[in-house]
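Structure, as structure tokens:
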Amino acid sequence: MRQKLVAGNWKMHGSLVQNKVLLDALVTGLKTVRNVSCAVCVPYPYLFQARIILHESNIAWGAQNLSPFDYGAYTGEVSGPMLKDFGCRYVIVGHSERRTLQGEDSRLVAQKFKAAQAAGLIPILCIGETLAEREAGATEKVVAGQLEAVLELSGIAALTSAVVAYEPVWAIGTGNNATPEQAQTVHAFIRQGLTARNPEVARQLQILYGGSVKAGNAAQLFVMPDIDGGLIGGASLNADEFLAICAAAGS
Ligand code: PEP
């Protein structure tokens, strides 16, 4: 039985004051939540604050990106070992906002995935199709291709210490979540493809759904057999919403 995971992606939001209120509420609210792992992926400047507030809680923390390199003349970049220094457990790689806005292709995402694992971090690998790709019937081809780049570089065994997040681009930040059936279809496709290569790896892999998850739709999504939790953007900035989503995953 896979443990459910709910991870918040704060994106480029927060301030020291706002974060303290939010994190304090999560620490208190998640004390009694069972059967679910929870994490927040915060902007780099707030990792220290997250570490201070969360280090004795049952909430993990992480970042939203990393450099494919460990150190060197890469001005403005942040490496896996630096994130590890701040106690990060997770790092998001390949988020669609970075693929689109920063031009990150699947080859670079695969390098970041490898760098994350080399630093002892658990990458949360985001994959998902655009609306045009879905309408062209290319959803499976797109997600399989995004996953393949990682498998080619790191091998299937690397998925034993990784998380995959299926995030249809058309559902992110739009309020239009995939239906539980739409999401389950893609999650099952991902797991079946991996089962053919290594059944044990496929069986234990946490596959999260992301895209306009909120308190009101979380339970219906999380009840699907191949949905192992969620990657939560907007709703992770609201303590009540995030706590309700975590509770839905744990019930
Ligand atoms: C995300 O940023 O990964 C995301 C899923 O955003 P939202 O929940 O706001 O759609």
Side-chain angles (χ1 to χ4, degrees), residues 4-14 18-19 22 26 36-44 46 50 59-66 88-102 104 106 109 112-113 116 121-131 133-134 139 142-143 146-147 162-180 182-184 186-187 190 206-222 224 226-249:
K4 292 257 195 302
L5 168 66
V6 177
N9 171 19
W10 287 8
K11 311 194 193 213
M12 197 174 72
H13 293 289
Q18 288 169 357
N19 304 345
L22 176 54
L26 297 186
V36 55
S37 305
C38 300
V40 289
C41 293
V42 308
Y44 293 139
Y46 301 131
I59 307 168
W61 60 96
Q64 301 166 14
N65 178 40
L66 82 167
C88 288
R89 179 170 169 80
Y90 296 102
V91 60
I92 297 171
V93 296
H95 192 280
S96 68
E97 285 154 15
R98 295 201 62 84
R99 290 182 192 259
T100 308
L101 302 173
Q102 319 295 327
E104 292 192 6
S106 289
V109 171
K112 291 186 174 198
F113 180 101
L121 301 161
I122 298 175
I124 301 177
L125 170 68
C126 298
I127 57 177
E129 82 288 0
T130 63
L131 185 57
E133 288 164 342
R134 171 163 282 263
T139 298
V142 170
V143 299
Q146 290 170 336
L147 197 51
V163 174
V164 169
Y166 168 58
E167 296 211 308
V169 179
W170 48 271
I172 296 178
T174 59
N176 301 322
N177 60 287
T179 65
Q182 283 173 320
Q184 167 59 26
V186 181
H187 284 228
I190 294 167
Q206 287 171 316
I207 307 178
L208 311 185
Y209 167 76
S212 297
V213 178
K214 16 187 194 304
N217 60 22
Q220 299 98 290
L221 285 158
F222 296 161
M224 303 309 276
D226 288 295
I227 300 183
D228 306 312
L231 182 57
I232 318 298
S236 71
L237 299 169
N238 178 305
D240 291 341
E241 280 281 317
F242 193 68
L243 289 171
I245 293 167
C246 293

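When a ligand or atom number is given, it counts from 1 through the structure's own listing order.
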So which atom in Ile124 and which in Ala7 form the shortest heavy-atom distance, rounded to 0.1 Å?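 Smallest interatomic distance, heavy atoms only, reads CD1-CB, 4.1 Å.
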For Pro123 versus Val93, what's the shortest heavy-atom pair and its separation?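 So the minimum-distance heavy-atom pair works out to CB-CG2, 4.2 Å.
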Arg89 meets the salt bridge (Lys or Arg N to Asp or Glu O under 4.0 Å) criterion, sequence neighbours left out, with none
Sequence-distant partners of Lys4, salt bridge (Lys or Arg N to Asp or Glu O under 4.0 Å), two or more places apart: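 None.
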Mind checking what makes side-chain contact (heavy atoms from CB on, under 4.5 Å) contact with Leu147, not counting sequence neighbours?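 In terms of side-chain contact (heavy atoms from CB on, under 4.5 Å), with neighbours along the sequence ignored, Leu147 is linked to Leu125, Leu151, Val164, Ile190, Leu194.
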Hey, can you tell me if Tyr166 and His187 have their rings parallel, tilted or perpendicular (30° and 60° cut-offs)?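 Ring orientation of Tyr166 relative to His187: perpendicular.
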Report all protein residues having a heavy-atom distance below 4.0 Å to some atom of ligand 1; order the list by chain, then number. Asn9, Lys11, His95, Glu167, Ala171, Ile172, Gly173, Gly210, Gly211, Ser212, Leu231, Ile232, Gly233, Gly234
